[in-house]
There are 2 protein chains.
Amino acid sequence: MSANSADVTIRDVASLAGVSPMTVSRVINESDRVSPDTQRRVEKAIAELGYIPSRLARGLSARRTGTLAVIVPDVANPFFTMVVRAAEDVARRSAYRVILCDTRADLAVERDVIEELIAHRVEGIAIAPVSDRSKPHLARLARFRVPFVLIDRTVAGIECDAVVGDSVGGAQQLVEHLIRLGHRRIGLIVEADEVSSARERRQGYESALRAAGLPLDPALVEVATPDPDGGLEAMGRLLSSEDRPSAVFAVNNLVALGAIEAVRNTGLDVPDDVALVCFDDIEFASRLYPFLTALEQPAETFGTLGTRLLLDRIEGRGPARDHVVVLPGQLTVRRSCGAQAVGAA
Amino acid sequence: MSANSADVTIRDVASLAGVSPMTVSRVINESDRVSPDTQRRVEKAIAELGYIPSRLARGLSARRTGTLAVIVPDVANPFFTMVVRAAEDVARRSAYRVILCDTRADLAVERDVIEELIAHRVEGIAIAPVSDRSKPHLARLARFRVPFVLIDRTVAGIECDAVVGDSVGGAQQLVEHLIRLGHRRIGLIVEADEVSSARERRQGYESALRAAGLPLDPALVEVATPDPDGGLEAMGRLLSSEDRPSAVFAVNNLVALGAIEAVRNTGLDVPDDVALVCFDDIEFASRLYPFLTALEQPAETFGTLGTRLLLDRIEGRGPARDHVVVLPGQLTVRRSCGAQAVGAA
DNA sequence: CGTGGTTGTGGTACCGATAACACGTTTGCG
DNA sequence: CGCAAACGTGTTATCGGTACCACAACCACG
C-alpha cells in the first residue's frame with residue numbers, strides 16, 4: 001500500500017495492470033469494449049493503488065465537468081434553503097455535483113460568482129437572480145452557452161426556462177382574504193420593483209384592491225429589503241403614519257417576521273391591532289406555533305423541477321421553446337390575519 | 001464581437017495581443033514581470049474577446065483548484081444552514097469557491113461524496129461528519145492528503161483540526177436549570193451514541209443528574225433520529241411510560257420541535273405538563289414566538305472559524321499540532337422550561 | 001569595456017485524462 | 001478457405017493552461 005495515493009495517475013494503474021492508459025480509461029468509463037479478463041486486472045490495479053481519476057483532467061479533455069451551480073440571494077431564507085437542498089438531491093441522482101453560491105442579494109457578488117462559474121466550466125446553473133439588473137450577468141451566461149434556469153424570479157428581457165410561483169394570483173388571494181375579513185386599509189411591504197416576484201405581488205395586491213373598489217393609496221406601500229430588518233423598519237413607518245392600515249401584506253416570510261416585531265415593539269398586537277399575511281411559510285416556526293397566515297409555495301418543487309429542466313437542457317432533451325413553469329401556492333389561514341383559524345386538523 | 005466566447009483560449013488572446021500564451025498567463029496571474037505596455041495590450045485583447053481562463057486547465061497544471069467543500073448532514077437544519085453560509089462567505093473572501101454537500105446523515109452518501117470531492121481535487125473540506133462511523137471516510141481524505149476540519153462533531157480515532165461546541169457543559173447547564181426548577185424526573189431524547197455531540201450531551205445530562213443526587217433511569221432516555229419526526233416518536237414513547245418525566249432535554253432544536261408536537265398531540269401542554277429544553281435555537285421561530293429554552297450555539301462562528309482553520313492548513317500557515325476549538329454556548333431561558341422568562345429586554 | 005545581474009519574453013514539456021484513428025486478431029459466413 | 005466485419009487494444013494528438021529554462025537586451029559597476 002502506497003504511503004500517499006494523491007498522485008496516482010492513470011498511467012500508474014496502466015503499468016501495474018500491464019495495459020495502456022487508454023484501456024484503463026475505458027474501464028473507468030464503463031466502455032464495454034474491454035475483455036472481462038483485462039477489466040478484472042485493471043480493476044484490481046485501481047483498487048490496489050487507491051486510484052481516483054482526476055475530474056480536472058477528465059473535464060479538460062472530455063469537455064464535461066459534471067458540475068452544476070445553484071445561485072440564490074440568501075440560503076438562510078427557508079424558501080431558498082429548500083430549493084438548494086432539492087436541487088442538490090436531483091443533481092446527485094444524475095451524477096452531478098453542485099456548487100452553491102449565495103449572492104446575499106448583491107449584484108456585484110452575483111457578477112463575480114457567475115464569472116467564476118464560467119471559469120469552472122459548470123455545465124448549467126439554476127439561479128434565483130438578484131433582480132432585473134441581473135440581466136447582463138445572464139446575458140454573459142448565454143454568450144458562453146451555459147444553460148441556465150431561473151428560479152422564483154424572471155428577468156425582464158431574458159427568455160429562458162424558468163420555474164416561478166403564481167405571485168399575482170397568490171397576492172390576490174391573500175389580499176382578497178383580508179378584504180373578506182373586513183379590512184379596508186391594507187398596507188403592503190414589498191421589495192424593490194425590479195424583482196419580478198415583488199413586482200407581481202404588488203400587481204396582485206393592486207388588482208385585488210381595485211376589484212373590491214378600494215382606493216390605491218401610495219402611503220400604504222412601503223419598499224423594504226427582503227429580510228426581517230427591512231420588515232421591521234417598513235412596518236414601523238406604516239404604523240407611524242396618521243391613518244395607519246388595519247392589515248398588512250408582507251412580500252415574504254422574513255419581512256413578515258420583522259413586521260410582527262415592529263407591531264409588538266409599538267405595544268400593539270397581531271392580529272388584534274394589525275392583521276398580517278405574507279408569502280412563503282416558515283415551516284419550523286409554524287410547526288412550533290401555527291401563527292402566520294401565508295401563501296405557501298412548494299419550495300422543494302422549485303428546486304427539483306428547476307434542476308430537472310436544467311439537466312434536460314444540458315443533455316439536449318430540452319424542448320425547443322423555453323419552458324416556463326408556474327407553480328401555484330396554497331393559502332394557509334392561521335392566526336395572524338385575525339380570522340378564526342379553520343380547524344383543518 | 002464574437003458570436004460565442006465559450007471557446008476562446010489563452011492562445012487566441014495571445015495572438016490577438018501579439019504575444020506568447022506565456023505572457024498572457026503572466027498577466028492573468030498578476031505576475032509583475034510584464035511591461036506596462038504589454039500588459040495593457042493583453043488586457044485589451046482579453047476584454048475584446050471576453051476571455052475567461054479555464055479553471056480546469058489551471059488546476060491541472062498548477063495543481064490548485066481554488067475549491068473547498070462543506071459537508072453537512074442536513075442543510076435544512078438552521079444550525080448547519082448558518083455554518084454553510086458563513087463558510088461560503090469566508091471562502092469567497094479568500095478567493096475560494098465552495099461545493100456544498102448534504103449527506104442527509106447517510107453514511108453511503110457521505111462516502112460517495114468524499115470520493116467525488118477527491119476526484120474534484122478540492123483543496124480542503126469542512127465537514128460535520130455523520131458519526132464515528134465516518135472514520136474510514138476521513139481516513140481516506142488523510143491518505144489523499146486533503147486537509148479537513150471537523151465541524152460540530154469529532155470522530156473517535158481521528159486527530160485533526162476541529163471546531164466544536166461545549167456539549168458536555170451545555171447539557172449540564174440545561175439539565176441543572178431543570179433541576180433548579182424542581183424537576184426530578186428528567187427525560188432525554190438523544191441521537192445515536194456514535195455521534196460525538198450526542199454522546200457528550202448525554203454525558204452532561206448524566207453528570208448533572210449525578211451531581212444533584214438523582215438516579216439515572218434508562219427508561220428516561222430515548223434514542224431518536226435528529227429531526228422533528230424522531231422527536232415526535234421519542235416523546236410519544238416517553239409520555240406513554242407509566243412514570244413519565246416532568247421535563248425533557250431534547251438533543252437539538254428539530255428534535256425539540258417534534259417533541260412539542262407529541263406533547264400537544266396527547267392533549268398535554270409545554271411547559272405546564274412537560275417542561276422542555278434543547279440545544280440550538282431556531283432563530284426565525286424565536287423571533288416570532290420566543291418559546292424554546294435553548295442552549296444557543298454560535299453557528300456562524302463554527303463556519304467562519306472552521307473555514308479559517310482550513311485555509312490556514314491549506315496555505316501552510318496552520319499550527320504544527322491539531323487545533324481544536326471549543327465554542328461555548330449560551331443558555332437562553334424562555335417559556336418552554338416553565339421558568340418565568342427573565343425579562344432581559 | 002568586460003562581466004554579472006536584472007528584466008521582459010518566448011519555447012518546450014507536461015499536468016492527467018480522452019477522442020480519433022490505427023492495427024493485429026478473431027470470428028462469421030458464403 | 002477467404003475475406004470482411006467485429007473485437008480488443010495501443011498510439012498520437014490534444015484539451016487549456018503553467019513550470020522551467022533559455023535568451024536577448026539593457027543596466028551598473030569596477
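Below, chains carry the letters A, B, ... as their sequence lines are ordered, and counting in each starts from 1.
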[X] side chain: which of [options] is closest?
X: B/M22; options: D/dT18, C/dG16, D/dT9; result: D/dT18
X: A/A57; options: D/dT18, D/dG17, C/dG16; result: C/dG16
X: A/S25; options: C/dT18, D/dT9, D/dG17; result: C/dT18
X: B/R11; options: D/dT18, D/dG17, C/dT9; result: D/dG17
X: A/L60; options: D/dG16, C/dT18, D/dT18; result: D/dG16
X: B/R26; options: C/dT9, C/dT18, D/dG16; result: C/dT9
X: A/I10; options: C/dT18, D/dG17, D/dC15; result: C/dT18

- Given side chains that start at C-beta, do those of B/V109 and A/R92 come closer than 4.5 Å, heavy atoms only?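 Yes, side chains in contact.
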- Item | Residue whose closest nucleotide on DNA chain C lies nearer the 5' end, A/S54 versus B/S35 |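 The answer here is B/S35.
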- Message: Can you give me the closest heavy-atom contact between B/P129 and B/E110, atom names plus distance?
- Response: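 Residues B/P129 and B/E110, closest heavy atoms: CA-OE2, 3.4 Å.
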I need the [atom1]-[atom2] distance between [X] and [N], as an integer number of Å.
X: A/F144; N: D/dG16; atom1: CZ; atom2: P; value: 13 Å
X: A/L49; N: C/dG16; atom1: CG; atom2: C1'; value: 15 Å
X: A/R41; N: D/dG8; atom1: CZ; atom2: C1'; value: 12 Å
X: A/R58; N: D/dG16; atom1: CZ; atom2: P; value: 18 Å
X: B/N29; N: D/dG17; atom1: CG; atom2: C1'; value: 9 Å
X: A/D7; N: C/dC15; atom1: CG; atom2: P; value: 11 Å
X: A/D12; N: C/dA17; atom1: CG; atom2: C1'; value: 13 Å
X: B/R55; N: D/dG16; atom1: CZ; atom2: C1'; value: 13 Å

- Message: Keeping A/S25 on the side-chain end and A/P21 on the backbone end, is there a donor-acceptor pair under 3.5 Å?
- Response: no
For [X], report the nucleic acid contact type (base, sugar-phosphate, nothing); a contact means any heavy atom under 4.0 Å.
X: B/V24; result: nothing
X: B/R33; result: base
X: B/P21; result: nothing

- Is it true that A/R93 and A/D89 have a side-chain N and a carboxylate O under 4.0 angstrom from each other? yes
- Query: Going by an N to O cut-off under 4.0 Å, is there a salt bridge joining B/D74 and B/R104?
  - Reply: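 Not counted as a salt bridge, because no side-chain N and carboxylate O are separated by less than 4.0 Å.
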Would you say [X] reaches [N]'s phosphate, i.e. side-chain N/O to OP1/OP2 under 4.0 Å?
X: A/R63; N: D/dC15; answer: no
X: A/S61; N: C/dT18; answer: no
X: A/T38; N: D/dG8; answer: no

- For the residue pair A/T67 and B/H120, confirm or rule out a side-chain donor-acceptor distance under 3.5 Å. yes
